[in-house]
Amino acid sequence: MGQERISHISEPQFIYNEHLPRLLSTPHYTAYVKVAEGCDNRCAYCAIPDIRGKFRSRPIESIEVEVKNLVAKGVKEVILIAQDTTRYGLDLYGKYSLDILLNRLGKVTGLRWIRIMYCYPNRFTNELIDIIAETPTICKYIDLPIQHASDKILSAMGRPVNQEQIRSLVKDLRKKIPGVVLRTSFIVGFPGESENDFQELLAFMKEMKFDRAGVFTYSQEEGTPAATMTDQISDDVKQERYHRAMSLQKDIALAHNQARIGQVLEVLVEELVEGSRNIYIGRSSLDAPEIDGTVEFSSPRELSVGDIVKVTINRALEYDLMGELAQ
Amino acid sequence: MRKEAAMPTKVGFVSLGCPKNLVDSEVMLGILKDSGFEITSKEENADVLIVNTCGFIEPAKEESIRHILELAKYKEAGKCKVLVVAGCLAQRYSSELLEEMPEIDAWLGRNMFRRFQI
């Protein structure tokens with residue numbers, strides 16, 4: 001065609017605000033809200049800081065107005081995201097301020113669920129724990145990627161915490177937020193990860209019993225410090241470790257789910273099962289969209305997609321639950 | 001991407017990767033719609049195709065490239081006149097893409113939004 005090719009690539013500085021138009025693509029009852037952009041961590045495996053630039057928070061007021069506008073449009077669940085959500089506010093206010101933001105969002109009328117994703121273990125302040133525990137609309141669900149459990153690997157990854165600090169935080173969270181569901185993620189096959197290091201991770205998984213965990217095989221990313229480390233792990237070993245970790249987590253997840261039998265959970269109705277009259281699929285307040293499980297349940301009365309109802313759990317699979325509308 | 005007075009330009013959009021990228025996509029779509037573009041889910045009818053890519057790890061990059069090549073077919077088989085690659089892959093590999101993918105007409109990095117508002 002011979003037309004001119006256009007390139008607009010520059011240092012990333014942008015962060016959106018409440019004034020920009022936004023066309024939601026998620027179901028009408030759920031929206032993601034980005035509280036900050038960029039990342040100032042320098043994890044050895046990660047190219048994100050180079051791609052998305054320095055960490056920059058949106059002002060509390062901007063987020064609050066956006067959330068109120070979303071709720072006015074029918075959104076019931078807001079999912080707060082950033083590369084590093086627990087760092088929120090440090091650049092703008094000189095201190096970690098996610099707790100202050102949550103306190104404000106907890107008072108937004110009509111907002112039923114607030115979910116927080118991508119928390120860093122070393123930035124989980126006592127104030128943050130307290131506000132999660134005290135605010136009814138904040139989901140008792142914490143996404144806390146820890147990536148590994150061996151101190152040797154954590155240090156090589158440039159992660160800011162060691163195993164004992166993670167253990168202590170997990171205990172604290174479970175004690176102060178009764179019933180909290182913890183999701184994490186792990187990288188297997190990081191350069192230099194020996195069989196012993198990997199077994200240390202498995203042992204930690206068994207001990208901590210995270211309710212949910214994602215496992216990822218290490219990806220050698222150019223421009224990152226880890227990419228030039230000499231002791232890279234073969235794809236075969238990465239795959240083998242991935243399957244061993246996933247298999248262990250499956251057993252842990254099943255045990256967690258079985259313990260839910262008899263409990264009553266808050267469930268957001270997402271769809272009517274095709275061809276059925278009274279079987280619905282929903283998602284509990286303890287499950288994030290896309291990555292966690294669902295709840296399939298029967299209801300004697302007609303429900304609408306987007307309703308939040310109470311469901312008594314009567315069956316458990318590894319990742320999904322089944323039940324019936326609570327009377 | 002000039003606005004046409006009579007027939008609105010139809011834009012097809014693919015969002016890849018994480019929820020953070022999805023928010024970017026939703027803001028881009030909002031700006032496009034407000035600027036008079038028509039958003040279409042039918043790629044074969046689109047005048048402009050935009051893919052908001054992920055460039056985080058190897059499988060994500062491969063998926064992004066696959067989608068770019070997939071959408072490039074509509075320049076022959078459909079109505080597409082302009083193929084735009086936005087997001088993290090464009091930010092991270094602009095010079096490589098410029099050289100190796102002649103199918104691409106425009107790149108928008110992570111500061112793309114200001115350009116969308118023109």
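In what follows, every chain begins at residue 1, and chains take the letters A, B, ... in the order their sequences are listed.
The shortest side-chain heavy-atom distance between D50(A) and Q91(B) does not fall under the 4.5 Å cut-off. Looking at M28(B) and Y16(A), their side chains never come closer than 4.5 Å, going by heavy atoms from C-beta outward.
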side-chain contact (heavy atoms from CB on, under 4.5 Å) between R22(A) and V23(B), worked out: CA-CA 8 Å; R22(A) 199 179 150 189; V23(B) 173; 3.7 Å; yes
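T26(A) and E26(B) get closest at one heavy-atom pair: N-OE2, 3.7 Å. In plain terms, the two heavy atoms of G55(B) and I51(A) that are nearest each other are O-CD1, 3.7 Å.
In this structure, the separation between CD1 on I48(A) and CZ on R92(B) is 8.5 Å, given to the nearest 0.5 Å. For the atom pair OH of Y32(A) and SG of C18(B), the computed distance is 9.5 Å after rounding to the nearest 0.5 Å. Distance CD1/I39(B) to OG/S25(A): 11.5 Å, rounded to 0.5 Å. Note: L22(B) CG to E290(A) CD = 9.0 Å, rounded to the nearest 0.5 Å. Between atom CZ of residue F216(A) and atom CZ of residue F56(B) there is a gap of 8.0 Å, rounded to the nearest 0.5 Å.
In this structure, no portion of L89(B) lies under 4.5 Å from any heavy atom of chain A. Contact annotation for Y118(A): only side-chain heavy atoms (C-beta onward) come within less than 4.5 Å of a heavy atom of chain B. Using a 4.5 Å cut-off between heavy atoms, A82(A) touches chain B through its backbone atoms (N, CA, C, O) alone. Heavy atoms closer than 4.5 Å to chain A are found in the side chain of K33(B), but not in its backbone.
Under a 4.0 Å N-O distance rule, the pair D24(B)/R52(A) qualifies as a salt bridge.
Residues passing the salt bridge (charged side-chain N to carboxylate O under 4.0 Å, His left out) test with E58(B), sequence neighbours excluded: K61(B).
Summarising the local packing, CD of E61(A) is surrounded by more than 12 heavy atoms from other residues, nucleotides or ligands at distances under 6.0 Å. Summarising the local packing, CD of E99(B) is surrounded by 12 or fewer heavy atoms from other residues, nucleotides or ligands at distances under 6.0 Å.
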